[in-house]
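A short worksheet on the structure shown next.
Positions are given from 1, in the same order as the sequence printed here.
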Amino acid sequence: MIYKLDIRIKGHRNLDDVEEFMRTNKTKIIFFAETHGILSELKIQEKIIAKLKPICYVYELLEEEKIISEKDFKKFLSMPNSKRFSVISSYGELKPTVMLAKKYYLPLIGCDIKNMCRKNRNFLNKINIDEEKRIMLKRERKQARVIKESLIQYGPPIFVSVGAFHLRKNSLIFQKIKAKSIIVYPLIDKKRLYDLPEDFDIRKAKNIRYIIEDNNGK
């Protein structure tokens with residue numbers, strides 16, 4: 001399924017307009033708020049990448065790894081789907097994104113801490129809010145650093161796919177990165193993902209669309 005795109009940049013209606021906006025405004029980063037499997041977002045990502053032509057793909061779930069050369073891509077894609085890439089993900093869960101990056105010849109750069117600071121999956125059983133906040137800030141500090149480094153190494157624009165919560169308005173990422181950017185995020189029944197109740201059933205959503213905004217507020 002590919003969701004409808006809603007362009008919310010004044011005077012712009014489609015991705016051709018967004019491409020022109022990015023060029024004239026010297027936009028350097030395309031932030032994409034990922035849902036980690038809640039929505040099928042690969043098709044919408046591909047539509048954006050094909051039109052806006054980023055230079056590299058910065059990917060939260062790749063953690064501290066990089067997939068740059070043809071050999072790197074071949075090695076990753078040859079791994080068994082069921083094999084664990086990390087505490088968080090299996091190789092099979094990451095392969096669709098890796099194949100997308102390979103299709104568009106994009107270096108794929110991980111931008112998180114190994115295992116996202118987890119020793120195992122027990123954290124899913126009981127949430128310690130104070131500990132989660134500490135980990136979140138540590139991870140966002142690392143994410144911001146890798147995004148800056150990738151922008152310097154590869155040049156703009158870069159495509160940055162991280163969890164939707166990392167792209168909340170007061171995110172440490174936005175505090176540390178002042179480069180001009182646009183943001184792509186899903187609205188589910190007119191709500192951002194992190195504003196939905198914890199027990200929300202995505203199958204009951206009546207309206208899902210992806211919004212594209214100027215992240216610098218123009």
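A single hydrophobic cluster is seen to contain both Tyr59 and Tyr104, as judged by linkage of ILVMFWY side chains at heavy-atom distances under 4.5 Å, directly or through other members. In the hydrophobic clustering of ILVMFWY residues, with side-chain heavy atoms under 4.5 Å counting as a link, Ile38 and Tyr3 come out together. When hydrophobic clusters are built by joining Ile, Leu, Val, Met, Phe, Trp and Tyr residues whose side-chain heavy atoms come closer than 4.5 Å, directly or via intermediates, Ile9 is grouped together with Ile48. Note: the hydrophobic cluster containing Met79 also contains Met99 (ILVMFWY, side chain heavy atoms under 4.5 Å, direct or indirect links). Side-chain heavy atoms closer than 4.5 Å link hydrophobic residues (I, L, V, M, F, W, Y) into clusters, and following such links, possibly through other members, connects Leu108 to Leu42.
Taken from CG in Asp195 to CZ in Phe200, the straight-line distance is 12.0 Å, to the nearest 0.5 Å. Distance check: Phe21 CZ to Lys180 NZ gives 8.0 Å after rounding to the nearest 0.5 Å. Taking OG from Ser161 and CG from Leu62, the interatomic distance works out to 11.0 Å, rounded to the nearest 0.5 Å. For the atom pair CD (Glu34) and CG (Leu167), the distance works out to 10.0 Å, reported to the nearest 0.5 Å. Taking CD1 of Ile67 as the reference point, atom OH of Tyr57 lies at 11.0 Å (rounded to 0.5 Å). For the atom pair CD1 of Ile158 and NZ of Lys28, the computed distance is 10.5 Å after rounding to the nearest 0.5 Å.
Nearest heavy-atom pair, Ser90 versus Glu93, reported as atom, atom and distance to 0.1 Å: N-OE1, 2.8 Å. Shown here for Tyr185 and Ala33, the closest heavy-atom pair between the two residues is CB-CB, 3.7 Å. Here the closest non-hydrogen pair linking Pro107 and Tyr154 is CG-CE2, 3.5 Å. Contact detail for Ala179 and Leu151: the closest heavy-atom pair is CB-CD2, 4.1 Å.
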Legend entry - Pair Arg8-Asp6, salt bridge (Lys or Arg N to Asp or Glu O under 4.0 Å): steps then yes or no: CA-CA 6 Å; Arg8 295 188 179 177; Asp6 186 350; 3.3 Å; yes
Legend entry - Worked verdict on Phe174 versus Lys169 for side chain to side chain contact (heavy atoms under 4.5 Å, CB included): CA-CA 7 Å; Phe174 293 149; Lys169 291 187 182 299; 5.9 Å; no
Inset, instruction - Just do the salt bridge (Lys or Arg N to Asp or Glu O under 4.0 Å) check on Glu20 and Arg23 with the steps written out, would you? - result: CA-CA 5 Å; Glu20 181 185 1; Arg23 184 172 59 254; 5.2 Å; no
Legend entry - Audit row: His166, Gln143, side chain to side chain contact (heavy atoms under 4.5 Å, CB included) steps and yes/no: CA-CA 9 Å; His166 295 300; Gln143 290 167 353; 3.5 Å; yes
Inset, instruction - Could you go through the side chain to side chain contact (heavy atoms under 4.5 Å, CB included) check for Lys191 and Asp189 one step at a time? - result: CA-CA 6 Å; Lys191 292 185 178 180; Asp189 290 346; 5.7 Å; no
Legend entry - Worked check of side chain to side chain contact (heavy atoms under 4.5 Å, CB included) between Glu46 and Lys103: CA-CA 10 Å; Glu46 180 166 8; Lys103 180 178 179 178; 2.6 Å; yes
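In this structure a side-chain-to-backbone donor-acceptor pair under 3.5 Å is present from Asp201 to Arg203. Side chain of Lys190 to main chain of Leu187: no donor-acceptor pair is present (N/O by atom type, distance under 3.5 Å, no hydrogens or angles). Side-chain atoms of Glu140 come within 3.5 Å of backbone atoms of Leu172 as a donor-acceptor pair (strictly under, hydrogens ignored). Without hydrogens or angle criteria, Lys142 side chain to Asp112 main chain gives a donor-acceptor distance under 3.5 Å. In this structure, Arg84 contributes its side chain and Val87 its backbone to a donor-acceptor pair below 3.5 Å. When atom types are taken as modelled, the side chain of Glu213 and the backbone of Val184 share no donor-acceptor pair closer than 3.5 angstrom. With hydrogens and angles disregarded, a donor-acceptor distance shorter than 3.5 Å links the side chain of Ser150 to the backbone of Val146.
Between Glu41 and Thr35, the side chains place a donor N or O and an acceptor N or O closer than 3.5 Å (distance only, hydrogens not considered).
Heavy-atom contacts from other residues, nucleotides or ligands closer than 6.0 Å to NZ of Lys53 number more than 12. Counted within 6.0 Å of NZ on Lys114, heavy atoms from surrounding residues, nucleotides or ligands total more than 12; the atom is thus considered enclosed. More than 12 heavy-atom neighbours from other residues, nucleotides or ligands sit within 6.0 angstrom of NZ on Lys95.
Relative to the ring axis of Phe165, Arg168 places its NZ or CZ within 45° and under 6.0 Å from the centre.
When side chains are defined from C-beta on, Cys111 counts as touching Val58, because their heavy atoms get closer than 4.5 Å. Two residues are said to be in side-chain contact when any heavy atoms from C-beta on lie closer than 4.5 Å; Phe159 and Leu106 fail this criterion. Side-chain contact check for Lys66 versus Asp72: every heavy-atom pair is 4.5 Å or farther apart. Ile212 places none of its side-chain heavy atoms less than 4.5 Å from the side chain of Ile183. Within the 4.5 Å cutoff, the side chain of Phe31 has no heavy atoms near those of the Ile182 side chain. Between Lys102 and Glu70 the shortest side-chain heavy-atom distance falls below 4.5 Å. Proximity of Asn216 to Ser181: side-chain heavy atoms (C-beta onward) are separated by under 4.5 Å at one or more points. Within the 4.5 Å cutoff, side-chain heavy atoms of Phe85 are placed close to those of Glu63.
Taking the six-membered ring for Trp and thresholds of 30 and 60 degrees, Phe76 and Tyr91 have ring planes inclined between 30 and 60 degrees apart.
Among Val162, Leu193, Leu61, Ile88, the one residue that satisfies the side chain to side chain contact (heavy atoms under 4.5 Å, CB included) test with His36 is Leu61. When each of Asp214, Leu5, Ile7 is tested with Val18 by the rule side chain to side chain contact (heavy atoms under 4.5 Å, CB included), just one qualifies, namely Ile7.
Between Phe32 and Tyr210, the ring center distance clears the sub-6.0 Å criterion.
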